[in-house]
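To start, the structure under review is shown below, and the notes come after it.
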Amino acid sequence: MSLSSALNIAFTGLKANTRAAGVVSTNISNATNEAYGRRELGLSALSAGNLGGVNVTTVIRQSDPVLLADRMVSDARLANANDMFSFASRLEDMVGDSGTAGSLTDRVTSFENALLSASSNPASTQRLELIATTGNDLANAINDLSSEIQISRQAADTSIATQVGYLNDAISRLGDLNDVLIKASATGTETASALDERQAILNQISEIVPLRVVEREKGDIALFTQNGATLLDGRGFEIGFTTTGSIDAGTTLSGGLLSGLTLNGTAVSTSDTGMFAGGSLAAQFEIRDEVAVQRQAELDGIARDLIERLGPGGPDSTLAAGDAGLFTDNGVAFVSTNETGLAGRLQINPIVAPGSDEVWRIRDGLGAATAGNVGDASLVQRIADALSDAVAPSSAALSSVARSFIGQVSQFSSAVAGERVRSENAYTFQVAQNTTLKEMELSKGVDTDQELQKLMQIEQYYAANAKVISTVDTLYERLLSI
């Protein structure tokens with residue numbers, strides 16, 4: 001080996017070590033960045049004709065496409081499970097645990113207890129007022145549940161609009177990055193930073209919908225949902241959605257009053273088997289259009305059952321057909337064709353509402369012309385019996401099994417609690433799976449201990465190359481001094 005060759009080898013080694021130190025430092029500083037791909041220096045040997053040495057060919061970005069794909073799909077499933085669990089938990093909190101003070105079943109029990117108390121002393125105005133108060137509390141509790149369901153539907157609609165905006169923005173940014181990467185591939189420019197930015201964008205939207213990423217030969221990508229919707233393939237596809245200003249029980253997708261999704265202007269299914277199924281976006285549609293609608297219908301059925309038990313043809317013989325009973329549809333008689341949203345309109349009859357001076361009508365009949373015998377508890381007892389009788393409900397939203405009114409409410413509470421348990425189990429499973437995949441991903445990422453060891457080795461290599469240059473310099477000086 002000539003001195004010139006030794007000098008060139010040491011000089012190129014210094015350059016490579018300097019570059020390697022920069023790569024290691026970048027790795028360490030980005031150790032907590034989830035979108036960052038660990039870098040390694042690509043090296044090749046220079047030919048003997050070039051006096052030998054080492055050449056830095058490229059900076060290699062390490063990644064595992066299969067693991068990344070699995071983790072992004074898991075992100076979407078976790079977000080879906082989390083949204084469904086959050087909704088189920090909120091609704092269960094509003095319904096309350098059976099027997100707990102303030103729960104829906106507790107409101108029914110308090111109303112029934114007030115009836116029993118008044119039946120033992122029907123002359124007591126205070127006990128009759130207690131019936132009106134507890135009945136009003138029961139109606140308000142059902143109103144509040146209905147309101148919470150519609151608030152959740154409105155929030156879901158708003159969330160859908162937000163997520164669609166994020167998706168469209170991300171698709172546009174990914175399209176711009178595709179152009180950058182294609183140009184970089186043609187010119188041989190380093191692409192690691194652009195790839196990090198691309199992964200960051202994919203991570204941001206991976207919770208919204210399960211993604212399938214297909215890498216093209218020029219470094220760009222095509223993007224699809226797991227169920228086949230094209231989001232980006234050469235050009236970006238636009239997702240369309242129109243938010244609804246105000247949502248009530250009668251505002252439904254099936255009724256044409258809510259917006260679905262479009263892809264480049266073509267309507268696509270938002271069901272759990274549609275092209276956008278599986279992520280947070282699908283969960284919001286499921287809450288808005290399916291689960292919350294079903295719970296509202298069940299609650300409307302319960303309100304109808306309460307009205308009809310105590311309405312015309314029930315315990316109060318003073319009521320004629322078409323009269324409003326003890327419970328009303330916003331102060332008037334209930335019409336069977338107007339069941340939708342009834343839970344939000346349920347009211348105790350204003351004639352005997354708290355604060356009224358005609359609570360005696362609970363004892364003597366809502367249609368009574370004058371007060372009757374103050375000791376006659378027969379109507380109050382018949383009202384209590386009507387609530388406890390097992391009756392098949394008129395509402396198609398409820399099971400046809402004959403139950404007491406408290407039985408209907410308990411069935412609803414159990415269904416809500418059961419849904420919360422199922423959604424919690426699904427959420428717990430997805431958390432465990434997602435955590436495992438992220439740990440696997442991190443294990444293939446930056447190991448700071450290993451990077452620090454590399455940095456120490458680079459320091460040693462740098463010192464060795466510097467020593468060779470110093471030695472060659474000394475030898476040249478001796479040769480020149482001869």
Side-chain angles (χ1 to χ4, degrees), residues 95 103-119 127-147 249 296-356 358-368 379-389 391-395 397-398 403-412:
V95 172
S103 67
L104 188 58
T105 54
D106 177 64
R107 298 295 187 189
V108 177
T109 302
S110 296
F111 180 54
E112 291 180 335
N113 288 341
L115 288 167
L116 293 175
S117 176
S119 67
R127 296 193 182 192
L128 294 176
E129 288 176 343
L130 183 61
I131 293 175
T133 299
T134 54
N136 189 62
D137 289 343
L138 172 59
N140 287 340
I142 294 175
N143 295 161
D144 291 343
L145 270 170
S146 177
S147 177
Q296 178 67 53
E298 291 168 351
L299 205 57
D300 291 340
I302 288 172
R304 177 178 179 175
D305 187 50
L306 178 60
I307 289 175
E308 291 181 340
R309 283 174 185 267
L310 307 182
D316 189 348
S317 59
T318 67
L319 294 175
D323 287 346
L326 185 57
F327 287 92
T328 69
D329 182 354
N330 212 15
V332 298
F334 166 67
V335 179
S336 60
T337 56
N338 196 26
E339 182 178 331
T340 301
L342 179 61
R345 305 189 303 269
L346 181 67
Q347 289 184 2
I348 195 166
N349 197 310
I351 299 175
V352 294
S356 166
E358 296 186 58
V359 291
W360 55 268
R361 292 183 180 278
I362 297 175
R363 178 191 64 222
D364 300 322
L366 295 174
L379 175 55
V380 176
Q381 185 59 54
R382 289 198 301 273
I383 293 173
D385 291 342
L387 291 175
S388 60
D389 287 345
V391 178
S394 302
S395 174
L398 300 178
R403 292 188 175 93
S404 64
F405 182 67
I406 186 67
Q408 294 289 2
V409 173
S410 296
Q411 175 67 19
F412 176 78

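Nearest heavy atoms, Gly341 versus Gln296: CA-NE2, 4.1 Å. Shortest non-hydrogen contact noted between Leu366 and Ala324 is CD1-O, 4.0 Å. Between Ile142 and Leu104, the shortest heavy-atom distance links the atoms CG1-CD1, 3.9 Å. Ala139 and Gln347 make their closest contact through CB-CA, 4.3 Å (heavy atoms, listed as atom of the first residue, atom of the second, distance). The nearest pair of heavy atoms linking Ala303 to Ala343 is CB-CA, 4.0 Å.
Side-chain atoms of Leu306 and Leu387, non-hydrogen and from C-beta on, do get closer than 4.5 Å to each other. Considering only heavy atoms from C-beta on, Asp329 stays 4.5 Å or farther from Val335 through its side chain.
Evaluated for a side-chain contact (heavy atoms from CB on, under 4.5 Å) with Val409, the options Thr109, Leu299, Ile302 yield exactly one hit, Ile302.
Taking CG from Leu138 and CD1 from Ile348, the interatomic distance works out to 9.0 Å, rounded to the nearest 0.5 Å. Between Ile362 atom CD1 and Ile131 atom CD1 the span is 5.0 Å, to the nearest 0.5 Å. The CG atom of Asp316 sits 9.5 Å away from the CG atom of Leu310 when rounded to the nearest 0.5 Å.
Between the Ser119 side chain and the Leu116 main chain, a donor and an acceptor come within less than 3.5 Å of each other. For the pair Ser117 (side chain) and Asn113 (backbone), a donor-acceptor distance under 3.5 Å is absent. Between the side chain of Asn143 and the main chain of Leu346, a donor-acceptor pair closer than 3.5 Å is present. Although no hydrogens or angles enter the test, the distance criterion places a donor-acceptor pair under 3.5 Å between the side chain of Asn349 and the main chain of Ile351. Without hydrogens or angle criteria, Asp323 side chain to Gly367 main chain gives no donor-acceptor distance under 3.5 Å. Counting only distance, with no hydrogens or angles, the side chain of Arg309 and the backbone of Gly314 share no donor-acceptor pair below 3.5 Å.
A salt bridge does not link Arg304 with Asp300: every distance from a Lys NZ or Arg NE/NH1/NH2 to an Asp or Glu carboxylate oxygen is 4.0 Å or more.
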Stepwise ring-ring contact (aromatic ring centres under 6.0 Å, His included) test for Phe111 and Phe405: CA-CA 11 Å; Phe111 180 54; Phe405 182 67; 8.3 Å; no
